[in-house]
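FYI, side chains are in, hydrogens and waters are out, and symmetry mates aren't considered; it's all heavy atoms of this structure. As the structure is a prediction and not an experimental result, all values here were calculated from the model.
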Amino acid sequence: MKTTYKLVFLFLLFLSGGFNSCSLDIVPDEIDTETDAFEDKTAAVRYVYSCYAYLPKNNWTQGSLDLLTGDEVVTAFEHETFAAFPKGNYTASNWVISYWNTFFQGLRQCYIFLNNVDRVPGLSETDKADYTAQIKFLIGYYHFMLTRCYGSTILIKEEPSINTSPKDYLGRTPYDECVDFVCQMLDEAAAVLPAKRSNIEEYGLATSVAAKAMKAKMLLYAASPLFNGNSEFYGNFTDKEGNLLMPVSYDANKWVKAKTALKEAIDAAHAAGHALYSNTTEDSDVNAYPQDPTVRCLRYNVIEAGNPEILFAETRNEGAYGIQNKSMPFSSQSAWNGVAPTWNMLNRFYTKNGLPYDEDPAYKSKNKLDVVTVDETHAGEAAVNEKTIAFNLDREPRFYAWIAFQGSYYEVMSATQNGAYASDPTYSNGRLICDFLLGGNCSRGTISAKRTSNYSPTGYLNKKGIDPTNAVTTGLKDPSKYPWPVIRLADLYLAYAEACVETGDLNEAKSYLNQVRERAGIPDVETSWAGIATLNQDKLREIVRQERMIELYLENQNFWDMRRWKIADQYFGQKARGMNIDATSIDDFAQLTTVDFERNFTSPTQYLLPIPSEDMNRNEKLVNNPGY
């Protein structure tokens with residue numbers, strides 16, 4: 001069983017108004033005065049922790065900017081805050097979710113610490129150096145996230161004064177200068193931080209590996225099409241003095257810098273003992289399913305505490321309305337049955353041959369929607385004798401680890417502790433056979449009583465991040481055992497492969513791509529594509545991008561990757577599609593149907609986020625992003 005971590009973030013104040021625009025003179029409520037904050041070591045440590053409190057809560061489904069807002073899933077929770085983003089319903093005056101002020105509040109908090117750390121009595125030089133390095137990590141990280149959201153941003157290099165005259169407010173700094181500052185801060189942090197935190201009470205704090213990884217991600221973004229020579233979007237984007245705020249000339253050397261930084265981060269991670277997750281038996285004494293070792297490994301790879309693959313983690317509780325309860329088959333006792341993979345996302349998963357379904361010679365001529373009966377040869381994929389569509393069979397292990405479909409199994413504890421699923425005849429020994437037809441256990445209800453929420457809009461359900469040992473209500477995954485990945489090693493491997501492709505180092509790209517594919521239980525890229533396509537730069541770019549979309553499914557990446565690749569307008573404006581969830585027969589269910597939820601994406605405006613209008617009005621030096 002897993003080790004229970006006493007998480008540092010349990011000490012943090014999560015700002016209940018963290019997404020509201022406000023002035024920069026707010027400090028967490030637990031700090032009465034700066035004198036109190038630095039009166040002794042304990043107070044200083046609490047202050048360091050408070051500096052982390054402004055980080056976005058990546059696993060918070062209701063209000064996370066980037067978790068449920070790409071094109072990977074569609075949910076029944078269109079009334080929640082996040083849902084305005086896929087609808088395109090955000091502007092500078094109605095920004096819905098904005099990190100602009102939140103990050104600047106965090107930066108001010110960081111600089112207050114740097115200006116007062118020498119006042120703390122009895123603080124050892126070792127601790128002082130560690131705390132200072134953590135703060136520099138956060139300064140770099142907050143600025144990285146500002147550039148990811150807004151492009152060119154305001155650089156904060158010292159503690160902002162609340163008495164600053166409006167005429168002395170700072171304007172936006174050109175993007176490349178912002179990138180350099182982020183890298184400088186993260187380099188300074190990495191030079192001092194430990195490579196790994198061995199004390200379980202420090203799990204979730206910055207390390208040198210995390211700092212190197214974040215620097216590498218910054219340089220990856222800077223090299224990507226959205227930010228590297230994008231004259232189409234930003235050729236006339238200047239501040240009020242006429243200075244270009246975004247680079248409009250392509251610089252191939254940015255990919256070289258990204259490649260170098262990514263390899264350095266990977267090597268540092270390896271040296272610290274990080275590796276791709278490979279445990280195939282976790283919690284098998286509690287729930288034996290999934291039984292396939294590869295599928296089981298993949299199911300657990302983002303939910304096992306102490307996972308050596310995770311380099312930096314979100315450790316705050318996701319709450320009762322998090323991914324777990326929102327994804328599990330419906331129960332009136334707190335499972336909401338509503339996180340539904342889209343047809344776009346389902347098609348990204350490979351066949352068992354490691355190829356896209358539409359390019360695999362064994363399957364591309366078949367009708368995906370043909371109704372078939374599951375036979376013994378597919379017993380590890382779905383329930384034998386159940387009916388499903390052909391598209392759901394002969395897929396790669398990640399599909400079966402993370403996706404529930406008509407006739408498949410959903411591995412979850414149920415039955416006896418609290419009555420959830422107990423009366424369902426398909427439940428047995430830790431798994432439920434999924435039925436999305438009206439009246440079924442994963443459906444939207446019955447013909448006469450359809451639920452208007454708490455249902456799957458596509459006839460599929462998410463399983464990623466859901467522990468098979470969960471029991472509804474009583475068994476919600478303890479956050480101390482559930483470190484949601486902010487960045488993990490597979491992310492670095494695929495980012496490095498991407499940088500290798502862009503620099504022409506194709507053999508190195510294939511090497512790191514293949515390590516992820518091997519863990520995923522599919523053939524290496526050379527074997528899969530032999531005789532089908534030439535693995536030149538263009539093809540490998542396509543493959544690496546698809547691999548990222550699969551491997552990092554529902555991990556806060558799709559929202560950003562689609563933007564930095566400059567392809568978001570091709571996907572984010574489309575309404576989701578799935579099965580006909582109003583059907584009572586499998587033949588009627590097996591009809592590709594559009595989900596009638598609003599989806600809009602305005603290009604180029606929504607590639608970057610808007611600076612809130614009230615901040616624009618306060619600071620006459622600011623210019624907003626194009627289109628706002």
Salt bridge check, [Y] against [X]: does any charged N sit closer than 4.0 Å to a carboxylate O?
{"X": "Lys366", "Y": "Asp394", "value": "no"}
{"X": "Glu547", "Y": "Arg517", "value": "yes"}
{"X": "Asp587", "Y": "Lys387", "value": "no"}
{"X": "Glu555", "Y": "Arg488", "value": "yes"}
{"X": "Arg548", "Y": "Asp491", "value": "yes"}
{"X": "Glu551", "Y": "Arg348", "value": "no"}
{"X": "Asp561", "Y": "Arg545", "value": "no"}
{"X": "Glu78", "Y": "Lys87", "value": "yes"}

Minimum heavy-atom separation for [X] to [Y], with atom names?
{"X": "Leu220", "Y": "Ala495", "answer": "CD2-CB, 3.8 Å"}
{"X": "Gly354", "Y": "Pro523", "answer": "N-CD, 4.1 Å"}
{"X": "Asn307", "Y": "Tyr300", "answer": "ND2-O, 4.5 Å"}
{"X": "Gly459", "Y": "Phe589", "answer": "O-CZ, 3.9 Å"}
{"X": "Ile611", "Y": "Ala92", "answer": "O-CB, 3.6 Å"}

Using atom types as modelled and distance alone, determine if a side-chain donor or acceptor of [X] lies under 3.5 Å from a backbone N or O of [Y].
{"X": "Arg398", "Y": "Ile403", "value": "no"}
{"X": "Tyr628", "Y": "Leu608", "value": "yes"}
{"X": "Arg599", "Y": "Gln574", "value": "no"}
{"X": "Glu542", "Y": "Val544", "value": "no"}
{"X": "Thr388", "Y": "Gln406", "value": "yes"}
{"X": "Trp100", "Y": "Leu609", "value": "no"}
{"X": "Thr91", "Y": "Asn94", "value": "yes"}
{"X": "Gln606", "Y": "Gly88", "value": "yes"}
{"X": "Asp71", "Y": "Tyr571", "value": "no"}
{"X": "Asn353", "Y": "Leu355", "value": "no"}

Pi-cation contact, [Y] with [X] (under 6.0 Å, within 45°):
{"X": "Arg316", "Y": "Trp60", "result": "no"}
{"X": "Arg564", "Y": "Tyr221", "result": "yes"}
{"X": "Lys566", "Y": "Tyr607", "result": "no"}

ask   = With a 6.0 Å cut-off on ring centres, are Trp402 and Tyr460 close enough?
value = no
Under a 4.5 Å cut-off applied to non-hydrogen side-chain atoms, are [X] and [Y] in contact?
{"X": "Arg148", "Y": "Trp560", "answer": "yes"}
{"X": "Ser64", "Y": "Asn556", "answer": "yes"}
{"X": "Leu68", "Y": "Glu80", "answer": "no"}
{"X": "Ile581", "Y": "Ser443", "answer": "no"}
{"X": "Leu492", "Y": "Leu311", "answer": "yes"}
{"X": "Arg296", "Y": "Asp292", "answer": "no"}
{"X": "Phe405", "Y": "Tyr400", "answer": "yes"}
{"X": "Thr294", "Y": "Thr280", "answer": "no"}

Is a donor from one side chain sitting under 3.5 angstrom from an acceptor on the other, for [X] and [Y]?
{"X": "Asp588", "Y": "Ser585", "value": "yes"}
{"X": "Glu282", "Y": "Asn279", "value": "yes"}
{"X": "Gln324", "Y": "Asn470", "value": "yes"}
{"X": "Asn337", "Y": "Asn454", "value": "no"}
{"X": "Thr426", "Y": "Asp424", "value": "yes"}
{"X": "Gln62", "Y": "Tyr321", "value": "no"}
{"X": "Ser327", "Y": "Asn462", "value": "yes"}
{"X": "Thr75", "Y": "Tyr455", "value": "no"}
{"X": "Asn392", "Y": "Glu381", "value": "no"}
{"X": "Thr594", "Y": "Lys575", "value": "no"}
{"X": "Thr351", "Y": "Asp360", "value": "yes"}

Interatomic spacing from [atom1] in [X] to [atom2] in [Y] - rounded to 0.5 Å:
{"X": "Met579", "Y": "Leu346", "atom1": "CE", "atom2": "CG", "value": "8.0 Å"}
{"X": "Asp66", "Y": "Arg563", "atom1": "CG", "atom2": "CZ", "value": "9.5 Å"}
{"X": "Lys352", "Y": "Leu393", "atom1": "NZ", "atom2": "CG", "value": "10.0 Å"}
{"X": "Tyr90", "Y": "Ser98", "atom1": "OH", "atom2": "OG", "value": "11.5 Å"}

task = Output, in order, the C-alpha distance, side-chain angles, deciding distance and verdict of side chain to side chain donor-acceptor pair (under 3.5 Å) for Ser428 and Tyr409.
result = CA-CA 10 Å; Ser428 177; Tyr409 291 109; over 6 Å; no
message = Suppose we screen for salt bridge (Lys or Arg N to Asp or Glu O under 4.0 Å). Which residues come up paired with Arg299, at least two apart in sequence or across chains?
response = Glu411
message = For Ser456 and Leu461: C-alpha separation, side-chain torsions, deciding distance, then whether side chain to side chain contact (heavy atoms under 4.5 Å, CB included) applies.
response = CA-CA 7 Å; Ser456 164; Leu461 275 177; 4.1 Å; yes
request  = Anything under 30° is parallel, anything over 60° is perpendicular, the rest tilted; go ahead and classify Tyr99 against Phe103.
outcome  = tilted
message = Parallel, tilted or perpendicular: which one describes the rings of Phe601 and Phe572, with boundaries at 30° and 60°?
response = perpendicular
message = So, applying ring pair (Phe, Tyr, Trp, His ring centres under 6.0 Å) with Phe399, which one of Phe349, Tyr553, Tyr350 is it?
response = Phe349
Within 6.0 angstrom of Gln570 CD, more than 12 heavy atoms from elsewhere = yes
